There are 2 protein chains.
Amino acid sequence: MTQRRTRPTINQVAEAAGVTKSSVSRAFTRPEMLSADTVSKIFAAAEKLGYVPNHTARALSTGRHGNIALIVPDVANPFFPPLIRAAQAEADRSDYCVFLGNSDENPQQEDKLIGRFGGQVEGLVLASSRLGDEQIVAHSTRRPLVLINRDVEGIPRVLIDSATGVAEAVEHLAALGHKRLVYVSGPHGSWSNKQRRNAVRRSARQLGMEVSVISNEYAAFESGRRITANVLATGATAAIAFDDLTAQGMLAELLDRGISVPEQFSVVGCDDVLGAATYPALTTVSNRSVEAGKTALTLLIDILENNAIRDVRYVLNTSLVVRGTTGPAAG
Amino acid sequence: MTQRRTRPTINQVAEAAGVTKSSVSRAFTRPEMLSADTVSKIFAAAEKLGYVPNHTARALSTGRHGNIALIVPDVANPFFPPLIRAAQAEADRSDYCVFLGNSDENPQQEDKLIGRFGGQVEGLVLASSRLGDEQIVAHSTRRPLVLINRDVEGIPRVLIDSATGVAEAVEHLAALGHKRLVYVSGPHGSWSNKQRRNAVRRSARQLGMEVSVISNEYAAFESGRRITANVLATGATAAIAFDDLTAQGMLAELLDRGISVPEQFSVVGCDDVLGAATYPALTTVSNRSVEAGKTALTLLIDILENNAIRDVRYVLNTSLVVRGTTGPAAG
DNA sequence: GCTTGACGTGCAACCGGTTGCATAACATAA
DNA sequence: TTATGTTATGCAACCGGTTGCACGTCAAGC
């Protein structure tokens, strides 16, 4: 393997160009301060030596490193990758680099990551944070913070309002003649979960439907399978699940138990992460995660560059996407 | 919004503790050099002021920032999130922070990202890189590099050998009586694609089967749907797709065309990213992406910490996972 | 021809740590 | 008691840039 040469420094360029390092520095940051001659002389020397300004040194003296951190509970949850991708693209447009953190749905891990990233980022985006409000507020005093799917007063936040879509789902089921309904919960600390649960309850009450709530800490395919027995035990004819993964697990389990969907039981998911890829294709609540990721980054960058300190609460509405897992109530 | 206080520096801690900054520095890096008394005095002062060493400054003088970069072609492709997650977890265990880059399957973008990250990472992992060999070699002279699913001589690499699994798939189809086979290609620059295509051809030749290759630049659900007509036009009775997403798109399209799977047509995917979530459940080639991510990071960290410069070529074998989309040849 | 101002460049301090070397304090051995 | 070694701490240079200020030069204005 070839030897890794140490990179040339500003001083070497200065010497090669016959100027001081101040001028080299200015040539790269504020060339309009220098004569055109000097600038081109410096660029020529830099080019020849293969000089690239040292990011770390620059960050130390300016206090700006152009990094931001994005922390999510679970990269592998299909809700996040499109969000991550959108955020990353938006960061890139403004020449920011993004640190990605995976908290494993664990507040302690999330806290630890924030600490570790803390020193080298200018701002953070926390998606579906599992931290307590006080911790979030505490972190926000240290550096700019934008939240996704978490509603904390005074902190800029982007919220995907699944309540609108969930309400539509309940109405849809009511219209199909369903009377008894189950809501299958998601992670405990999840703001979206609370929001969805409340929306189901509220709409159901208005429509005179009965609702049971079944808890299910870790939202995923397998746990969806597992809680299906409990769901059926309630005697309900339809279920709304915290997310598509849970719904998909339920679908598989119902199929295995010989319960046909939607003839004998209706299932609604949330987040539309699977497209039409389940069988039957899943009726679900639309997802705005790409917009959420992009918006959060736009917001954060705006705060960083314009020192725009404001209390933004950006809400993205959702709606019901009717596919094949909902039908008239059995019996 | 509350005022963001500037963080205390090493000097303030030194003053508060009645020592010089050298001692404070040592208290945090090599406490065994100091008397227990001094250390606890310093820690007490640091604690009281809320001091945290400045990562940037430390990086500048030591040349080590404890960051690594991971670049993937598409975060939203379900092959990568588990890999990313595993890599991130492994990095975390050794206190490294990870930058995530999304190249959008674009070599230029990939190159740009490497450049942007370059100055602030100690090493890079390129997953399924779309760069040319020379570019990869060039980058590797600058700083440690580990490749995933890319086989470049002299550069540490972790390869998921889908050839073994793909060969099994071809044998499986032959055993079911299929004579004509299609391989649906993936991205042009993809090493995995080349490997899979060759494996299909080789095994088919040995088993006396006929193979057509259909190209399909962007591997995804929609493009899988789109190329299905071409696949059927070949007269084949079975297809092996570059990845599960493509296979899933084909499944949907076949269903829409009233062609039943596996009775009339057999489909095999690759990477096992969908689990049993398709309908029928997809027969596919197993995926070792979690191990790949973890191994790549272990390798990189080993290189960084032990200066272990070696030409590693780590191969992870795969095998066929038979589910419900393959059956006896029609007619 | 002298003042004034604009412009281009250099000087030196600073960002916040780390580290090789010198030295003081103290313990041990002769 | 003095020489010798060990240990804990301080001094100051260094990492590689940025930036406020001072200074010298040259052209325009009177």
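Since this is a predicted model, take the numbers as computed values, not measurements. Residue numbers begin at 1 in each chain, while the letters A, B, ... track the order of the sequences.
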Q.
I'd like to know whether B/Val98 forms a side chain to side chain contact (heavy atoms under 4.5 Å, CB included) with B/Asn67, so could you lay out the CA-CA distance, the side-chain angles of the two residues, the decisive distance to 0.1 Å, and finally the verdict.
A. CA-CA 6 Å; B/Val98 4; B/Asn67 297 330; over 6 Å; no
Q | Electrostatic pair B/Glu291:B/Arg288 at N-O distance under 4.0 angstrom | A | yes
Q. When you check the gap from the basic side-chain N to the acidic O, do A/Arg157 and A/Asp311 get nearer than 4.0 Å?
A. yes
Return the value, rounded to whole Å, for the distance between atom [atom1] of [X] and atom [atom2] of [N].
| X | N | atom1 | atom2 | value |
| --- | --- | --- | --- | --- |
| B/Met33 | D/dG10 | CE | C1' | 11 Å |
| A/Arg30 | C/dT9 | CZ | P | 14 Å |
| A/Leu34 | D/dT19 | CG | C1' | 13 Å |

Q. Side-chain N or O of A/Ser23 less than 4.0 angstrom from OP1 or OP2 on C/dG10?
A. yes
Q: Tell me whether the centres of the aromatic rings in A/Phe28 and A/Tyr51 are closer together than 6.0 Å.
A: yes
Do [X] side-chain atoms and [Y] backbone N/O form a donor-acceptor pair below 3.5 Å?
| X | Y | result |
| --- | --- | --- |
| B/Glu122 | B/His65 | yes |
| B/Arg85 | A/Asp104 | no |
| A/Ser25 | A/Lys21 | no |

Please list each protein N or O that sits under 3.5 Å from an N or O in nucleotides 23-25 of chain D, with the distance.
none

Q.
Could you go through B/Ser128 and B/Phe80, starting from their C-alpha distance and side-chain angles, then the distance that decides it, and tell me whether this counts as side chain to side chain contact (heavy atoms under 4.5 Å, CB included)?
A. CA-CA 10 Å; B/Ser128 305; B/Phe80 294 107; 3.6 Å; yes
Q | nucleotides 12-18 of chain D: protein proximity per nucleotide (B base, S sugar-phosphate only, - neither; heavy atom, under 4.0 Å) | A | B--BBBB
